[in-house]
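Start at 1 and go down the list; that is how both ligands and their atoms are numbered.
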Amino acid sequence: MASYDLIVVGGGLIGLSTAYNAVSPYGGHPVLDGEKVLVLEQDAFFNQRGSTAGASRQFRFQYSEEYMTQLVMAAVPEWAMLQKQTVTELIPNVGCLWFGDPDTPTTEGGIKPAMETMTRLGVPFQRLNCRELEEWYGFRNLPGNYSGFFQPGGGIINVPATLQAMFNIAHNHGVHLKAHHKVLKIESDGKEVTVITDQGTYHGKKLVLTTGAYANTLLEPLGVQINLSIWNMVSAYFRKTRADIDYPTWFAFQKANAANANLYYGFPEADWSHPGYIRVAPDYPYQIIDEPSQRVPPTPEDFAGTSAWVANHMSGLSPEPDFTSSCMVALPAGDQQFILDTLPGYPNIVLFTTGWAAKLVPLLGKICVQLALTGQTAYPIAPFAIPPSDITATGERK
Ligand SMILES: Cc1cc2nc3c(=O)[nH]c(=O)nc-3n(C[C@H](O)[C@H](O)[C@H](O)COP(=O)(O)OP(=O)(O)OC[C@H]3O[C@@H](n4cnc5c(N)ncnc54)[C@H](O)[C@@H]3O)c2cc1C
């Protein structure tokens with residue numbers, strides 16, 4: 001029976017990055033023969049059921065936490081390495097605009113602490129007042145106290161192109177990429193793993209678990225339950241009514257109102273997704289659930305806040321969306337950004353789950369492979385350790 005050097009469970013952005021990094025000579029770990037690497041995905045690859053659904057994500061350096069900005073900086077050469085191996089531009093560099101009430105904190109941080117971090121780390125940005133936000137960037141009717149900054153290094157991540165690039169590299173190296181293989185159970189004696197799927201059983205030396213919001217079902221017998229909540233979120237595409245209008249990536253920090261958290265973000269026009277349209281989305285969920293099976297589709301009312309924001313504050317866009325989508329993201333219950341760690345008691349199993357991780361994709365896959373193959377990484381991942389409270393009695397750290 002075939003035994004793999006590495007089995008990756010989950011074929012989203014992080015799973016495919018792990019497979020790509022496993023066969024990469026630049027990973028700071030032993031390079032695996034692709035024939036000895038297996039990726040198991042319950043759905044089709046490039047599916048829309050996980051957190052990787054949709055066409056675009058924001059790439060940004062600014063964070064309230066210094067270690068996060070440093071991690072994004074460490075991801076830059078990894079993106080460059082991936083870019084060299086594909087033709088399509090993965091992150092068009094359009095810059096990133098943060099503006100609004102400078103004292104509003106969000107799950108994504110805040111304007112003031114982000115500026116402080118960038119100042120400390122020498123990341124360039126330009127401060128903007130309300131008048132400049134309106135005159136230079138096309139927003140309108142902003143409250144007079146709004147201010148913000150433009151960070152020129154930000155960009156829009158082409159998600160389909162990034163997935164395809166990593167998939168192609170893995171495939172060309174012989175990695176076994178198996179769609180429609182749902183993993184039902186993972187067993188390990190600490191040295192070898194047995195992976196039971198609805199299509200058969202596989203054996204391997206190491207395993208990386210990147211099942212996103214679905215993580216806890218497979219973790220339960222391994223003695224870990226991540227305290228997370230799953231946000232179901234919507235996104236909408238508004239038709240451009242003026243050819244000359246475009247936006248960078250942006251995020252509006254605002255105080256919550258009676259109806260919702262009142263936070264919105266958006267993108268420039270992207271030629272790979274609804275050209276002639278601008279994507280705008282609320283940064284608040286229409287539904288919070290404990291596990292993916294509880295997910296329901298959004299209703300038209302779930303887009304009302306976004307349409308109102310566009311009508312009130314954006315120039316050159318039709319006020320009602322023509323295309324909409326939804327996506328779920330798992331977020332840690334505490335103040336961690338995401339979870340990246342080996343499982344207590346199972347040094348051959350690495351877990352990545354939760355968080356806003358698209359901007360770090362090639363780096364996170366590299367770290368997963370380093371941890372799986374060598375048990376260590378030089379990258380500072382202590383902030384992402386599995387919290388002791390998420391370790392159940394059977395899975396004490398050895
Ligand atoms: C609306 C939205 C906006 C976002 N915006 C940003 C942003 O601007 N910037 C940013 O950096 N990040 C952003 N993110 C976060 C980013 O998209 C995620 O961090 C990233 O996509 C996570 O990828 P993943 O591979 O960990 O998870 P997923 O994409 O969910 O992949 C997990 C995969 O595992 C598979 N799977 C699950 N269970 C099993 C099983 N039992 N057996 C086999 N396969 C299984 C699933 O089918 C899925 O394909 C956003 C997320 C959302 C939802």
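- In terms of protein heavy atoms, atom 30 (O) of ligand 1 is closest to Ser51 N, 2.8 Å.
- Sorted by first then second residue, the ring-ring contact (aromatic ring centres under 6.0 Å, His included) pairs that include residues 318-345, not counting sequence neighbours, are His274-Phe323, Tyr277-Phe323, Phe338-Phe352, Phe338-Phe384.
- Relative ring orientation between Tyr264 and Trp309 is described as parallel, the plane-to-plane angle staying below 30° on a 0-90° scale split at 30° and 60°.
- No part of Arg49 comes within 4.0 Å of ligand 1, judged by heavy-atom distances.
- Checking side-chain atoms of Gln254 against main-chain N and O of Asn262 turns up a donor-acceptor pair under 3.5 Å.
- With a 4.0 Å heavy-atom cut-off, ligand 1 is reached by the side chain of Tyr214 but not by its N, CA, C or O.
- At a 4.0 Å cut-off, at least one heavy atom of Met328 sits close enough to ligand 1 to count as contact.
- Among protein heavy atoms, the minimum distance from atom 13 (C) of ligand 1 is reached at Arg57 CD, 3.4 Å.
- Taking atom 32 (C) of ligand 1 as the reference point, the nearest protein heavy-atom neighbour is Thr210 O, 3.3 Å.
- When Gly212, Ala75, Ser17, Pro292 are checked for heavy-atom proximity to atom 27 (O) of ligand 1, Gly212 turns out nearest.
- At a heavy-atom cutoff of 4.0 Å, ligand 1 is contacted by the backbone of Leu40 but not by its side chain.
- At least one cation-pi condition fails for Arg57 and Phe59: the charged atom is not both under 6.0 angstrom from the six-membered ring centre and inside a 45 degree cone around its axis.
- Aromatic ring pairs are classed by plane angle as parallel below 30°, tilted from 30° to 60° and perpendicular above 60°; the pair Phe253 and Phe251 is tilted.
- Relative ring orientation between Tyr202 and His181 is described as tilted, the plane-to-plane angle lying within the 30° to 60° band.
- The residue Ile157 has no part lying near ligand 1, judged by heavy-atom distances below 4.0 Å.
- The nearest protein atom to atom 12 (N) of ligand 1, hydrogens excluded, is given as Ala358 N, 3.3 Å; this is a heavy-atom distance.
- Looking only at heavy atoms of the protein, atom 19 (O) of ligand 1 is closest to Ala357 N, 2.9 Å.
- Using modelled atom types and a 3.5 Å distance limit, the side chains of Ser318 and Asp322 yield no donor-acceptor pair.
- Ranking protein heavy atoms by distance to atom 52 (C) of ligand 1, first place goes to Cys327 SG, 3.7 Å.
- Contacts of Phe352 with ligand 1, taken as heavy-atom pairs under 4.0 Å, involve the side chain alone.
- When non-hydrogen atoms are compared, ligand 1 lies under 4.0 Å from neither the backbone nor the side chain of Phe59.
- With hydrogens left out, the protein atom closest to atom 43 (C) of ligand 1 is Gln42 N, 3.1 Å, a heavy atom.
- Residue Asn257 places its CG atom among more than 12 non-hydrogen atoms of other residues, nucleotides or ligands, all under 6.0 Å distant.
- In this structure, Gly355 counts as a contact residue of ligand 1, since one of its heavy atoms falls inside 4.0 Å of the ligand.
- Summarising the hydrophobic clusters (Ile, Leu, Val, Met, Phe, Trp, Tyr; side-chain heavy atoms under 4.5 Å, direct or chained), the residues clustered with Ile196 are none.
- Among protein heavy atoms, atom 34 (O) of ligand 1 sits closest to Gly10 CA, 3.3 Å.
- Of the charged side-chain nitrogens involved, none lies within less than 4.0 Å of a carboxylate oxygen, so that Asp198 and Lys182 do not count as a salt-bridged pair.
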